[in-house]
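Worksheet for the structure shown next.
Source: prediction; values computed, not measured. Within every chain, numbering begins at 1; the chains are lettered A, B, ... in the order of the sequence lines, protein sequences first and strands thereafter. Side-chain atoms are counted along with the backbone in the values below, which use heavy atoms only and exclude waters and symmetry mates.
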Amino acid sequence: MTVPPTTAPTTAQIREKYLSFFESKGHLRLPSHSLIAPDPTTLFTVAGMQPFKPQFMGAAAKFPGYGDNPRVTTAQKCLRVGDIENVGRTLRHCSLLEMLGNFSFGDYFKREALTWAWEFLTSPEWMGLDASKLYATIYENDEEAFGIWTQEIGLPEDHLLRFGADENFWPADAPAKGPNGPCGPCSEIFYDRGPAYGDDTWAEYADTRESARFLEIWNNVFPQFERQEPQADGTPTLVELPAKNIDTGMGLERVATVVQDVFDFYSNDVFAPIIARIVELSGKPYLGPESISHRVVAEHVRSVSMTLADGVSLSNTGRGYVIRKILRRASRHAYLLGLREPVLHTLVPLVVASMGGAYPELVSEEARVTAAIRAEEERFLKTLEGGIQRLQVAIAKLGRLYDRQNSSDGVTYTIRDEHRKYHDWVYTKFGREIYSKADIMNPDGMMTIGRASFPAHIAQITDFQPTDLILSGEEAFTLYDTYGFPVDLTKEIAEEYGVTVDEAGYAESLEKAQATARAGSKYGKSELFGAQDTVGDLSATAFVGYDHLEAEGLVLALMTSEGRVDALEAGTAGTVVLTQTPFYAEGGGEVGDTGRLEWTGEDGLAGAGVVRDTRKTPGGVFLHEVEVQAGTLTPDITVRGVVDGARQATERHHTATHLLHAALRAVLGDGVRQAGSLVAPDRLRFDFAHGAALSTAELAEVERLVSRWISADFAVQWQEMPIAQAKAAGATALFGEKYGETVRVVSVEGSVTLGGHTVSSKELCGGAHVTRTGEIGAFVLLSDENVAAGVRRIEALAGEAATAWLRERLNSDARLAASLNTSLEGLEVRVAQLQAQLKAAEKETVQVRRQLTEAQMSGGNGGGAAPLRELGGFRVAALKLTGIAGNELRGAADKLLDTSGADLVVIASDAGLVIKATKEAVARGAHAGQLVGKLAAAAGGKGGGRPDMAQAGIQNPDAALEALDTAF
RNA sequence: GGGGGCUUAGCUCAGCGGGAGAGCAUCCGCUUUGCAAGCGGAGGGUCUGGGGUUCGAAUCCCCAAGCCUCCA
């Protein structure tokens, strides 16, 4: 591992130089967007240009809070998990990378982009790279770029290569394959790291396109075309855009490698200290194949820390699950390095030290990030432990319990210590209990227990060849799927025992499981996506529902699952798009409005329909799911929308949600972070990041705080303002939510105090709210539960829903109290008393039954002296008891068997029948189970059991005993 | 959103249609100069909750809850 020379600029310095260089060229410096993607096309932010998609699509280059400028520059953190398996295996794959970018929105074009890139790389004031080591590629027919490179910059022609649309176009192969939309050629800049990294030449690169020596450091993309539908013969249609853009990306890790002149990404100033620490912790040098694990741990700790700092929490679904998988991969590799205790979290400070300057959220979230990683590590180590146990049992089942050793006495097999605890289990299972005492197995068929040797039937065990031992793919998959045990660890451990894993079988099982998962996931979404396609051309719907619950609008479009339609007849259902609507569309956790539509049709007839749900497309087109009940709905007619009264209940729950959020933060601390919410007419649900269950006292305090707020009857106000202004005013924004330039801020004007703290609520929110907190009415917390690691869910009710729930609860409690002849206050004591009484009574019953049994057996009933009869070659004692069942009946049978000297005892009672036989009788062919069947049949019952013990439920004990005469 | 697994004594778990068990821990007794320990014994259970099948359910089926885990 090479270490960067101390004189070389650090990664942080390179980042800063890049940004200030482009500032000096008139660019606006913007902070990195969160790793949570700005649009729903990806889970995470994957490219420097992604936050600027709207600008590339023609939106104004306005950046509220920072300024307006058609030139911007950023260092964007990106997370790419598509080829996560390669991270660590190579020296340059990273899941987290930083893209240094400069962007032009219809402003400068190729000339400036390329000449500035050149200046930044070669000027001694900036990167100061040797110009003779720089190379470039261009799109095959991009003569404009060719001219700039060769004539204006002076790059020798033999430092240039031309590639087709697969290499030098963005998106790749767009002309032939699409998608439609903005696209263009690109020009990549390479650096020749010298012969130390390979003896290939630039000319050869045209063929190989793979080089450790020529490292791509910068991609300049020129989105100058709009691709349209190709012609009938397939000829691509590329139309020049009126406003041409520039989108460039320079990988910080790549350029740092070059500038610091280190061997690989992992030797730069960010990773080197982490790798060094891993070496220190594990005692394993950063060398050879094992170094994969060092790299995986270092890289993944960095990307997981960054993502957690952006507010993602580890979970079982979506983003949180992806991060968790990455963290577990790191944990697994730490395990492979021999680390058995949680250590990844101790590396977080190193990440913060090198990255925290550029990403302050790392610093402010360090404690939370560290705690989350630690908790997950601990959980995973537990999972591994359980998996190893299960795997060892599986290996033991194959017969691999022993270490093979060559000694002067020949080959011996010694039971592995870790297998001792499974040994009994395995051989009990196999019916070979005697083996549980074996210390040594010899190949000659003898086994040793202490100093004694015994013959053992273990030829099939000692003769195993390693190749005979295959762990089924199914078992390996179960280990992974059900117990979370990674298959590569399975392979590694199995190998120690000379056992191989059936990988084909594993792959088959995996595929089968994935197929069921896919089939199982509903395609309910496709309805909306389908609609999105068909409404792409419609303009956004005007929403007036904050102020009006009734409004008129023009029908713009009608759709069914078939696509656009011209009419919706009475009795049919479909999606309706209006120019203006009072219906709130599902969003921000609040459910869509319901209600009705009314109109007078072209035919002059009145019509009406029911709005079942309202949703909207990302483009802001509202989709009303409507069932037409009368008349016909056609485009261009005016309809009146009337929102259901349920909206008021929804509004109460929504405002209550805000108060709940603020109250939780007040009571539990600012660590509380909203992780999702549902606002419906009948309830509210609020998920938030918090480590532990709420105590009863905390729940009561949260509830009290919200109630106090409600009774203060403060005004709820909302206003639109630029996002920067909203944030400056301290409004709570959600991680992962996308906000436009102007946002709606909902605030409760007025605050309440709790424990000396003043608490108020101000949130970015597009939802519908009551106008005064007093309208919320009652508020009650129903439950606090765990939904994912570190995420709690609270359910609560407001308004009538709350009072109705409380009334119902009180009524049922009152009924309960009345049935126990006590008051609500006395209920707890009463139930405790009853439980104690019940327990005492049960004990007493057992006692009494035992006494009753004994009395009957020794009493005048002839019981104690039950005569022995000879039946079917067995001495049989039969006895009738009354009022005895279950345990006592069996106890009586035992006693009778002991005292009477019988081979078989039969005890009949009014509720049951028990037959027991001695071992010796069973050996001679007695079968209690079969006998009990015959007797029960005669006594109007059924039963069964084992040869030595059987039971039946019967109605007539006398009949059962009589049947004994003929049963043999 | 869809799979799989687990839930039994204070703890770790076995049992998987016919008497609720083991080890550790607890308590008592014995042994020991004392400690560590050993020996013997005892107490401790709504077998997660609810419904069903069965003569009989910890055990089989269905529903629910909590935890673990994989996939989309």
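- Between L384(A) and F485(A), the shortest heavy-atom distance links the atoms O-CE1, 3.4 Å.
- If T482(A) and G943(A) are placed on RNA chain B by their nearest nucleotide, the residue sitting closer to the 5' end is T482(A).
- Base pairing analysis places A58(B) opposite nothing; no Watson-Crick or G-U wobble pair with both distances below 3.5 Å involves it.
- Here, U54(B) and A42(B) have their P atoms 40 Å apart, quoted to the whole Å.
- Place R328(A) and G944(A) on RNA chain B by their nearest nucleotides, and G944(A) ends up nearer the 5' end.
- Atom P of nucleotide U69(B) and atom CG of L327(A) are separated by 12 Å, given to the nearest angstrom.
- Checked by distance alone, K512(A) brings no side-chain donor or acceptor within 3.5 Å of a matching partner on the base of G3(B).
- Comparing G56(B) with G51(B), their P atoms sit 15 Å apart, to the nearest whole Å.
- At a threshold of 4.0 angstrom between heavy atoms, the contacts of G945(A) include nucleobase atoms, whether or not backbone atoms are also involved.
- Side-chain atoms of D502(A) come within 3.5 Å of backbone atoms of G505(A) as a donor-acceptor pair (strictly under, hydrogens ignored).
- Nucleic acid contact class of G484(A) (heavy atoms, under 4.0 Å, all strands): sugar-phosphate only.
- Contact annotation: the side chain of V312(A) never approaches that of L35(A) to less than 4.5 Å [non-hydrogen atoms, C-beta and beyond].
- Checked against A20(B), G5(B), C70(B), the side chain of Y483(A) finds its nearest nucleotide in G5(B).
- When distances run from any side-chain atom of K325(A) to the nucleotides U54(B), A72(B), G18(B), the shortest one goes to A72(B).
- Taking atom P on both G66(B) and A14(B), the two are 23 Å apart, rounded to the nearest angstrom.
- Rounded to whole Å, the distance from CD1 on I954(A) to P on G56(B) is 14 Å.
- For D481(A) and G5(B), a side-chain-to-base donor-acceptor distance below 3.5 Å is absent, hydrogens and geometry of angles not being considered.
- With P as the reference atom, U48(B) and G29(B) are 36 Å apart, rounded to whole Å.
- Residue contacts for A950(A): at a heavy-atom cut-off of 4.0 Å it reaches no nucleic acid atom on any strand shown.
- Between the side chain of E377(A) and the backbone N or O of V343(A), at least one donor-acceptor pair lies under 3.5 Å.
- Atom-to-atom, CG of L43(A) to C1' of A72(B) comes out at 11 Å; the value is rounded to the nearest Å.
- Proximity of Q514(A) to the phosphate of A72(B): a side-chain N or O atom is located under 4.0 Å from OP1 or OP2.
- Protein atom CD1 of I388(A) is 15 Å distant from nucleotide atom P of U69(B), rounded to whole Å.
- With a cut-off of 3.5 Å on both Watson-Crick or G-U wobble distances, the partner of G17(B) is given as none.
- Here the separation of A64(B) from C28(B), taken at their C1' atoms, is 44 Å to the nearest Å.
- C39(B) and G29(B) make up a base pair, with Watson-Crick or G-U wobble contacts both under 3.5 Å.
- Close to C70(B), at under 4.0 Å from its OP1 or OP2, lies a side-chain N or O of R324(A).
- G1(B) and C71(B) make up a base pair, with Watson-Crick or G-U wobble contacts both under 3.5 Å.
- Phosphate contact (OP1/OP2 of G17(B), side-chain N/O of R946(A), threshold under 4.0 Å): absent.
- Pair assignment for U12(B): A22(B), on the basis of Watson-Crick or G-U wobble contacts that are both within less than 3.5 Å.
- Counting to the nearest Å, the C1' atom of G18(B) and the NZ atom of K942(A) are 16 Å from each other.
- Side-chain contact check for Y480(A) versus D488(A): every heavy-atom pair is 4.5 Å or farther apart.
- Between R924(A) and E920(A) there is a salt bridge, since a side-chain N of the basic residue sits under 4.0 Å from a carboxylate O of the acidic one.
- G43(B) and A58(B) have their P atoms separated by 22 Å, with the value rounded to a whole Å.
- Rounded to whole Å, the separation between the C1' atoms of U59(B) and G17(B) comes to 6 Å.
- When the nucleotides G5(B), G19(B), C70(B) are ranked by their closest atom to the side chain of Y480(A), C70(B) comes out on top.
- With U69(B), C55(B), G18(B) as the candidates, the nucleotide lying closest to the side chain of Q951(A) is G18(B).
- Between the side chains of E625(A) and T575(A), at least one donor N or O sits under 3.5 Å from an acceptor N or O.
- Across the protein-nucleic acid pair, N956(A) atom CG and C55(B) atom P stand 18 Å apart, rounded to whole Å.
- Between the OH atom of Y506(A) and the C1' atom of G4(B) there is a distance of 14 Å, rounded to whole Å.
- With both pairing distances under 3.5 Å, U7(B) is matched to A65(B) as a Watson-Crick or G-U wobble pair.
- A salt bridge links R374(A) to E378(A): at least one charged side-chain nitrogen sits closer than 4.0 Å to a carboxylate oxygen.
- Rounded to whole Å, the separation between the C1' atoms of U69(B) and A36(B) comes to 43 Å.
- Nearest nucleotide to the side chain of M949(A), out of G18(B), G5(B), U69(B): G18(B).
- Across the protein-nucleic acid pair, E385(A) atom CD and C6(B) atom P stand 19 Å apart, rounded to whole Å.
- Contact annotation: T383(A) reaches the phosphate of U69(B) (side-chain N/O to OP1 or OP2, under 4.0 Å).
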